[in-house]
Asker: 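Starting off with a structure, shown below.
To find a chain, count down the sequence lines: A is the first, B the second, and so on, and within it residues start at 1.
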Number of protein chains: 2
Amino acid sequence: MRQTTPPPPAAIDAWARLQRASGAVLARVETRLKADGFPPLGWYDVLLELSRAEDKTLRPVEIEKRMLLAQYNVSRLLDRLAGAGYIEKLKSPEDGRGVSVRLTSEGDALLKAMWPSYQAAVEAEFTKYLEPGDAETLWSVLGRLVP
Amino acid sequence: MRQTTPPPPAAIDAWARLQRASGAVLARVETRLKADGFPPLGWYDVLLELSRAEDKTLRPVEIEKRMLLAQYNVSRLLDRLAGAGYIEKLKSPEDGRGVSVRLTSEGDALLKAMWPSYQAAVEAEFTKYLEPGDAETLWSVLGRLVP
DNA sequence: TTCATCTTAATGCAGTTGCATGAAAAGGAG
DNA sequence: CTCCTTTTCATGCAACTGCATTAAGATGAA
């Protein structure tokens, strides 16, 4: 007798697994960073965006768009980063409402210090489990979700 | 002259995109659920696990494992669900420390009421952007990350 | 110019999460 | 049994997030 083939996983299963997997792996990476004495990943992400930007400077609204964060979360995250001395807030020269945020040398140093730990964490909790080609596959499929 | 091929995206790029994409899509789905007047997805997930369980009943520690949540988050999530009447907490018959959590009929009703909204949200914010085979591909690759 | 509208950023408050700890029962070695 | 370790669940407190609102400057139509 013929074996019944299992039904193909529907999109909803892929959705559920996407949420579970990315959440779990993120938690593990954050745990490793913290164990190494570093601040949360969100801090790293802001510093990285700034380090790549012209003059190491960005407007908060730009950070908001690049990191896909809510406006008030950006505002407070920048507060914390400024309080810790990793960025500095300047009055925006071209927009009276605006703020300009610049990476400080301390921020740049933190970025460089965190990188090995971050890289090792991603390797241990993510890359290690992938098979050849998986990274490209993921990158390509997920790219359709964030245009 | 030969065109230089772009470097293949490294695992770290796949990691970054995984976090961005899953976070962004999750936020959009949650926004739709809320717009329809429903509680957060976490509530749905607990109710769903209970509905699938023997006697519609689970121990908190089981929910913790299935949902990959921290223990204190489960404890408080169950508090809220019990407060809203969607589950009831019973003393575990076989374990004096333990609690047993059972889905109430109100909880079952909420589950059924949320499903169409949830399904539509996932369709609109996730499935819609996928191409044929993507769901299976994602499911398979992500499966390696949560053994 | 003038005024209504949009954009940028901050903040008070309530709800949620993370961390550390504690209480109580189960499990297990001797 | 006795004692030590482990498991299960709750909670005080601090930090963070979401929501709603506010303030202030930019933008653009008339």
Asker: Parallel, tilted or perpendicular: which fits the ring planes of A/Tyr86 and A/Trp43, with parallel below 30° and perpendicular above 60°?
Answerer: perpendicular
Asker: Closest-nucleotide mapping onto DNA chain D: is A/Gly96 or A/Pro40 further toward the 5' terminus? I mean the 5' end.
Answerer: A/Pro40
Asker: Regarding A/Lys91, tell me which of base, sugar-phosphate or nothing describes its non-hydrogen contacts under 4.0 Å with the strands shown.
Answerer: nothing
Asker: So that I can tick it off, tell me whether B/Asp13 and B/Arg17 are bridged by a salt bridge, with the cut-off set at under 4.0 angstrom between side-chain N and carboxylate O.
Answerer: no
Asker: Does this structure show an ion pair linking B/Asp134 with A/Arg144, if we count only N-O contacts that are shorter than 4.0 Å?
Answerer: yes
Asker: Please determine whether a side-chain nitrogen of the Lys or Arg among A/Asp45 and A/Arg66 lies less than 4.0 Å from a carboxylate oxygen of the Asp or Glu.
Answerer: no
Asker: Output yes when at least one side-chain N/O atom of B/Lys34 is less than 4.0 Å from OP1 or OP2 of D/dC19, else no.
Answerer: yes
Asker: Once each nucleotide of nucleotides 7-15 of chain D is scored for protein heavy atoms under 4.0 Å, what B/S/- sequence comes out, 5' to 3'?
Answerer: BSBBBBB--
Asker: Distance check: side-chain N/O of A/Asn73 vs OP1/OP2 of D/dC16, anything under 4.0 Å?
Answerer: no
Asker: Give the rounded distance in Å between these two atoms: CD of A/Glu94 and P of C/dT8.
Answerer: 11 Å
Asker: Salt bridge or not between A/Arg32 and A/Glu125? Use side-chain N to carboxylate O under 4.0 Å.
Answerer: yes
Asker: Can you tell me how far C1' of C/dG18 sits from CG of B/Leu69, to the nearest Å?
Answerer: 13 Å
Asker: What distance separates B/Leu18 CG from A/Phe126 CZ, expressed to the nearest 0.5 Å?
Answerer: 5.5 Å
Asker: Using whole Å, what does the distance between atom P of nucleotide D/dG18 and atom CG of B/Leu26 come to?
Answerer: 10 Å
Asker: Please report, rounded to the nearest Å, how far the P atom of C/dT8 is from the CG atom of A/Leu58.
Answerer: 14 Å
